Amino acid sequence: MTVVGVDDTDSRERGMCTTYLAARIAERIEAAGGTVERRLLIRLNPAVERKTRGNAALAIHTDLDADEAAAIATEELTPLAAVEDPRTSPGLVVADCEPEAVPDAIAEFAADAVREFHDLEDALALADAAGFHTEGWAGGHGRIGALAAVGAYRAFEDWTVEHIAYRKFDRCGTPRDVDEATLFGAAAEAYPAAWDTVDHGENAAVCVPNAPGPILYGIRGDTAEAVRAVAEGIDAEPVEREALFLTNQGTDAHLRDVGTANLATFHDGRAYRVDCVVAGEPETRRGGHVFVPIRSVNGDGEMAAAAFEPTKRFRDRVRALRPGDRVTVCGEVSDGTLKLEKFAIRELNRTRTTNPTCPDCDRSMGSAGRGQGYRCRDCGTSAPGKVEIEVERELEEGWYEVPPCARRHIAKPLARGGFDAPIHPER
Ligand code: ZN
């Protein structure tokens, strides 16, 4: 078996092209007599600085001879390096082994690639030690992602699929012609096996990109049957080619589950799942961004968690938090702020303290003076101190998430299930 890993560190200007490149390489492998067993679309650490829109790398598993497959990939990658875009730095890694049989160190490299920052030297040393063929253009930074894609099949356990349809070449750059009524209908029928196809709250066709580029739409889900059924149900402009990718999208592979760890130990560019406490009132700032302070369970360490404007209705959930709520939050830390992707209510603070009410007059009592307790102004009845009363809460226990229109590629939608509490999915 041969594993071909490619990453062109997709340029922003040209849109998301790496999957197109992989689809073409796979077709040429088939034309050369090879069988393509699967195509992988691997999302890497979304926080990586040399970032592309989606930070994706691709792998193709085939029975074609490794040298022959490498030659095909080289022919497809070479022209990309000629593009005058400093962000394009293609890389190729070809392994002459079963995808399940890559060395431990390379599987670890792949697992870390969604959570850490790798440098090129480490990638090349590992590939050399394993005897893999590598090739780079314009600096070849894509070899980091390419090696991660080669190790991915061993590194990840949770897999989803994406069915991508590509536009005819002469239509690229023109508005995409996708009939929304059939799209929304097909999406509803396949939900929740296919997810993030549309956003009902925003009335948006999430699966249809806005950026220029060759993709007409990408349907994500748990099974090939579900995503294919959606694609078949859509009336749209003619499609040039289609491809099914096995992906780590929608799996939360980027999150480190750190339990009740001290928030002060968190680092920028890493994503966490942490149990903590709401430490203050949520605040809506200029631009509609909502910030809420969170504190470690043991009282150490405090930081802000944020739901930015593009997260839309999710901000109402964050605004509904109250100090004292016990929560689990998930998101990436950037500039010392945790950007919320989802959170779970573990225990709601359902009480607040207030002045006591006079049992005879049914009126709120006033302070009787410093350290003197409370007294009714009308009848003189006294009470020793403030009392707790129950507060109505909009939130319920369980998980809340950003809507599909704001979902990061790698973040797991609640609709996929497997969460440790009730879910309140957005769709
Ligand atoms: Zn009274």
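Read the numbers this way: they start at 1 and go in the same order the structure lists the ligands and their atoms. Hydrogens, waters and symmetry mates play no part in the numbers below; they use all other heavy atoms, side chains included. Remember, it's a predicted structure, so these values are computed and weren't measured experimentally.
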### Query
side chain to side chain contact (heavy atoms under 4.5 Å, CB included) between C276 and F343: does it pass, once the steps are laid out?
CA-CA 10 Å; C276 58; F343 68 84; over 6 Å; no
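Ring geometry for F109 against H118 counts as parallel: the plane angle stays under 30°, on a 0 to 90° scale with 60° as the upper cut.
Partners of W137 according to the ring-ring contact (aromatic ring centres under 6.0 Å, His included) rule, which considers only residues two or more places apart in sequence or in another chain, do not exist here.
Pairs of residues two or more places apart, or lying in two chains, that qualify as salt bridge (Lys or Arg N to Asp or Glu O under 4.0 Å) and include a residue from residues 283-305 are E283-R285. Applying the side chain to side chain donor-acceptor pair (under 3.5 Å) definition to pairs two or more places apart or across chains, those involving residues 197-219 are D199-R313.
Listed by chain and number, C358 SG, C361 SG, C376 SG, C379 SG are the protein N/O/S atoms closer than 2.8 Å to the Zn ion (ligand 1), with waters left out.
Not a single donor-acceptor pair under 3.5 Å links the side chain of T357 to the backbone N or O of D362.
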